[in-house]
Amino acid sequence: MQSYVLLFTLTLVGYSCGQTTAPQLPDVEDALAADGRFTTFLQLLKATDLLDQINETDHFTIFASTDAAFAKLPAGTLDNLKASPAQLDDVIGYHVVLNTSFRVHGTQQDTVLHSSTSQPIRINTYNVVHTVTAEGVNITVKNISVNHGYVHGIDGLMKPPLGNVVDLGSVRTDISTFESLLVQANLTTYFTSDHSTTTFIPNDDAFKKLTPDVLEYLNTHPADLAEVLRFHFVKQLSLYSLGMKHAFSIQSTDHNHDLLMLFEDDNGGMKVNHAKILEKDISSVNGVVHIIDSVLIPAKVLVAIEDSKVVIG
Ligand SMILES: *[C@@H]1O[C@H](CO)[C@@H](O)[C@H](O)[C@H]1NC(C)=O
Ligand SMILES: *[C@@H]1O[C@H](CO)[C@@H](O)[C@H](O)[C@H]1NC(C)=O
Ligand SMILES: *[C@@H]1O[C@H](CO)[C@@H](O)[C@H](O)[C@H]1NC(C)=O
Ligand SMILES: *[C@@H]1O[C@H](CO)[C@@H](O)[C@H](O)[C@H]1NC(C)=O
Ligand SMILES: *[C@@H]1O[C@H](CO)[C@@H](O)[C@H](O)[C@H]1NC(C)=O
């Protein structure tokens with residue numbers, strides 16, 4: 001029986017190797033050159049040794065920034081990249097996946113691929129706006145089929161996450177109040193345990209807009225402090241800005257599941273409830289973070305603070 005199975009397997013392998021009728025897909029270099037929309041990316045790719053690595057893999061996926069995307073980058077970005085081989089390896093290496101052939105299906109939600117630089121690349125599908133993103137960047141050209149893999153054209157350069165939402169506190173200096181309150185409320189595990197999350201982090205200036213009395217109230221009422229923090233946090237959804245739409249509402253993780261409502265303002269910016277989004281789309285290993293200019297306080301906690309006769313700033 002065993003030898004029969006072996007023989008059968010060998011026959012199958014022999015058959016697939018001997019098959020000559022399957023159409024020969026182009027090699028990635030030829031395909032990108034022929035396409036014409038990826039001339040800069042191809043030039044950068046050839047300056048690394050990634051094409052050799054791709055040639056040695058059975059499966060790969062490339063997220064190739066289009067020429068239009070490079071044209072939108074701040075002046076000097078491309079020249080700086082070209083001048084620094086190490087940085088080029090990091091940046092272009094992050095756009096190459098060496099062990100998976102990934103096709104866009106229109107259903108992939110928070111699918112995470114692993115780049116050749118061992119960093120995560122998060123894929124999201126936002127059906128309401130007919131958009132699929134890689135690390136929050138729009139995938140504008142889908143499923144270019146090449147020998148051993150796929151190329152997808154993207155509308156920017158992806159930036160890898162710098163850690164989780166708690167780690168973010170050590171790489172930037174303007175969110176220390178929120179980060180220290182997370183520790184104080186013993187919520188760091190809660191904020192980092194889910195795989196797909198969205199966190200709206202009020203910056204330090206936002207906390208300064210509260211009266212000292214409100215901060216004092218929160219410092220002395222741990223349950224209400226936890227509710228305030230959780231009102232800024234969404235689980236089971238990584239909502240990058242490209243997936244946001246006017247009047248969209250999402251449930252926060254406070255105990256009432258109070259809604260976070262998105263509004264487009266007159267200047268093309270976005271607000272979440274009354275807070276303005278100052279900086280969007282900061283990737284974290286478990287989702288995405290947006291920095292906001294005001295602290296969001298759930299209605300129940302507002303009432304409790306008012307009842308305690310504190311003036312709200
Ligand atoms: C890929 O590898 C094969 C040998 O495995 C070699 O013949 C071919 O030239 C390589 N192609 C590129 C583009 O490096
Ligand atoms: C690809 O490699 C990463 C580590 O480099 C691993 O975590 C992941 O599971 C691999 N994926 C597949 C499909 O092999
Ligand atoms: C990409 O390929 C997948 C699998 O074949 C298919 O389901 C999907 O519709 C394709 N997407 C586009 C935009 O062609
Ligand atoms: C993303 O790109 C696609 C294809 O070009 C486009 O139809 C879609 O509107 C873009 N999404 C957003 C949110 O800009
Ligand atoms: C902190 O939270 C964890 C769960 O995230 C819990 O196991 C632990 O008991 C909590 N510690 C305190 C002091 O409340």
Side-chain angles (χ1 to χ4, degrees), residues 12-70 78 81-82 85 87-126 130-161 238 240 242 283 285:
L12 269 184
V13 169
Y15 176 74
S16 67
C17 285
Q19 206 175 30
T20 51
T21 48
Q24 181 67 42
L25 289 165
D27 281 331
V28 63
E29 187 179 341
D30 298 338
L32 285 175
D35 187 284
R37 287 173 291 185
F38 304 102
T39 56
T40 304
F41 189 88
L42 179 57
Q43 189 190 1
L44 298 180
L45 186 63
K46 285 163 80 172
T48 69
D49 67 357
L50 284 157
L51 281 171
D52 293 332
Q53 293 185 48
I54 287 167
N55 194 26
E56 284 160 17
T57 61
D58 293 334
H59 303 284
F60 71 91
T61 306
I62 297 180
F63 295 94
S65 311
T66 61
D67 291 341
F70 277 107
L78 186 56
L81 253 188
K82 286 180 181 165
Q87 206 197 341
L88 191 64
D89 284 346
D90 286 349
V91 172
I92 301 303
Y94 181 52
H95 289 70
V96 175
V97 176
L98 289 173
N99 60 4
T100 309
S101 299
F102 173 80
R103 276 198 292 194
V104 175
H105 282 275
T107 53
Q108 287 126 338
Q109 200 54 280
D110 285 302
T111 302
V112 175
L113 306 172
H114 297 273
S115 73
S116 70
T117 52
S118 300
Q119 290 159 308
I121 301 171
R122 181 179 293 266
I123 307 295
N124 288 95
T125 303
Y126 302 111
H130 308 290
T131 297
V132 185
T133 61
E135 215 58 23
V137 179
N138 199 354
I139 304 182
T140 50
V141 184
K142 302 182 184 84
N143 296 351
I144 299 175
S145 198
V146 294
N147 201 3
H148 296 227
Y150 286 96
V151 177
H152 307 286
I154 58 171
D155 193 27
L157 275 179
M158 301 186 295
K159 286 204 197 94
S238 302
Y240 279 93
L242 284 188
S283 289
V285 291

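Values below: every heavy atom of this structure, side chains too, minus hydrogens, waters and symmetry copies. Residue indices begin at 1 and follow the sequence shown.
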Is any side-chain heavy atom of [X] less than 4.5 Å from a side-chain heavy atom of [Y]?
| X | Y | value |
| --- | --- | --- |
| H148 | I54 | no |
| M158 | I121 | yes |
| K82 | L88 | no |
| R103 | K142 | no |
| V146 | F60 | yes |
| T140 | I154 | no |
| F102 | V104 | yes |
| T48 | D89 | yes |

In terms of the angle between their ring planes, are F70 and F41 parallel, tilted or perpendicular, with boundaries placed at 30° and 60°? tilted

Between D110 and S238, do the side chains contain an N or O donor and an N or O acceptor separated by less than 3.5 Å?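 The criterion, which ignores hydrogens and geometry beyond distance, is satisfied for S238 and D110.
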
Are Y240 and S283 linked by a side-chain donor-acceptor pair shorter than 3.5 Å?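 Y240 vs S283: donor-acceptor pair found between side chains.
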
Any donor and acceptor pair, going by atom type alone, linking the side chain of T133 with main-chain N or O of V137 inside 3.5 Å?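 Flag not set: sc T133 to bb V137 has no pair under 3.5 Å.
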
For the backbone of P160 and the side chain of Q119, can you confirm whether one donor and one acceptor N or O come within less than 3.5 Å of each other? no

I need the minimum non-hydrogen distance between [X] and [Y], along with the two atoms involved.
| X | Y | value |
| --- | --- | --- |
| V132 | N138 | O-OD1, 3.4 Å |
| S65 | G156 | OG-O, 2.7 Å |
| P161 | Y94 | CD-OH, 3.8 Å |
| P120 | V112 | CB-CG1, 3.6 Å |
| S115 | G93 | CB-O, 3.9 Å |

For the pair L50 and I62, evaluate side-chain contact (heavy atoms from CB on, under 4.5 Å) and give the outcome as yes or no after the intermediate values. CA-CA 11 Å; L50 284 157; I62 297 180; over 6 Å; no

Would you compute the distance between atom [atom1] of [X] and atom [atom2] of [Y] and round it to the nearest 0.5 angstrom?
| X | Y | atom1 | atom2 | answer |
| --- | --- | --- | --- | --- |
| D67 | T39 | CG | OG1 | 3.0 Å |
| L113 | N99 | CG | CG | 8.5 Å |
| T61 | I123 | OG1 | CD1 | 8.5 Å |
| L78 | L44 | CG | CG | 6.0 Å |
| L42 | D35 | CG | CG | 10.5 Å |
| I139 | L242 | CD1 | CG | 11.0 Å |

Go through it in stages, so that I can follow the logic: the residues are T40 and F38, the test is side-chain contact (heavy atoms from CB on, under 4.5 Å), and I'd like the CA-CA distance, side-chain angles, deciding distance and then a yes or no. CA-CA 6 Å; T40 304; F38 304 102; over 6 Å; no

side-chain contact (heavy atoms from CB on, under 4.5 Å), that's the test. Do T111 and T125 meet it? Break it down for me. CA-CA 10 Å; T111 302; T125 303; over 6 Å; no

Between V141 and H152, does the side-chain contact (heavy atoms from CB on, under 4.5 Å) criterion hold? Intermediate values first, please. CA-CA 5 Å; V141 184; H152 307 286; over 6 Å; no

What about H95 and F63, are their ring centers closer than 6.0 Å? no

Below 4.0 angstrom, N of the basic side chain to O of the carboxylate: do E29 and K46 qualify?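 Between K46 and E29 there is a salt bridge, with a charged N closer than 4.0 Å to a carboxylate O.
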
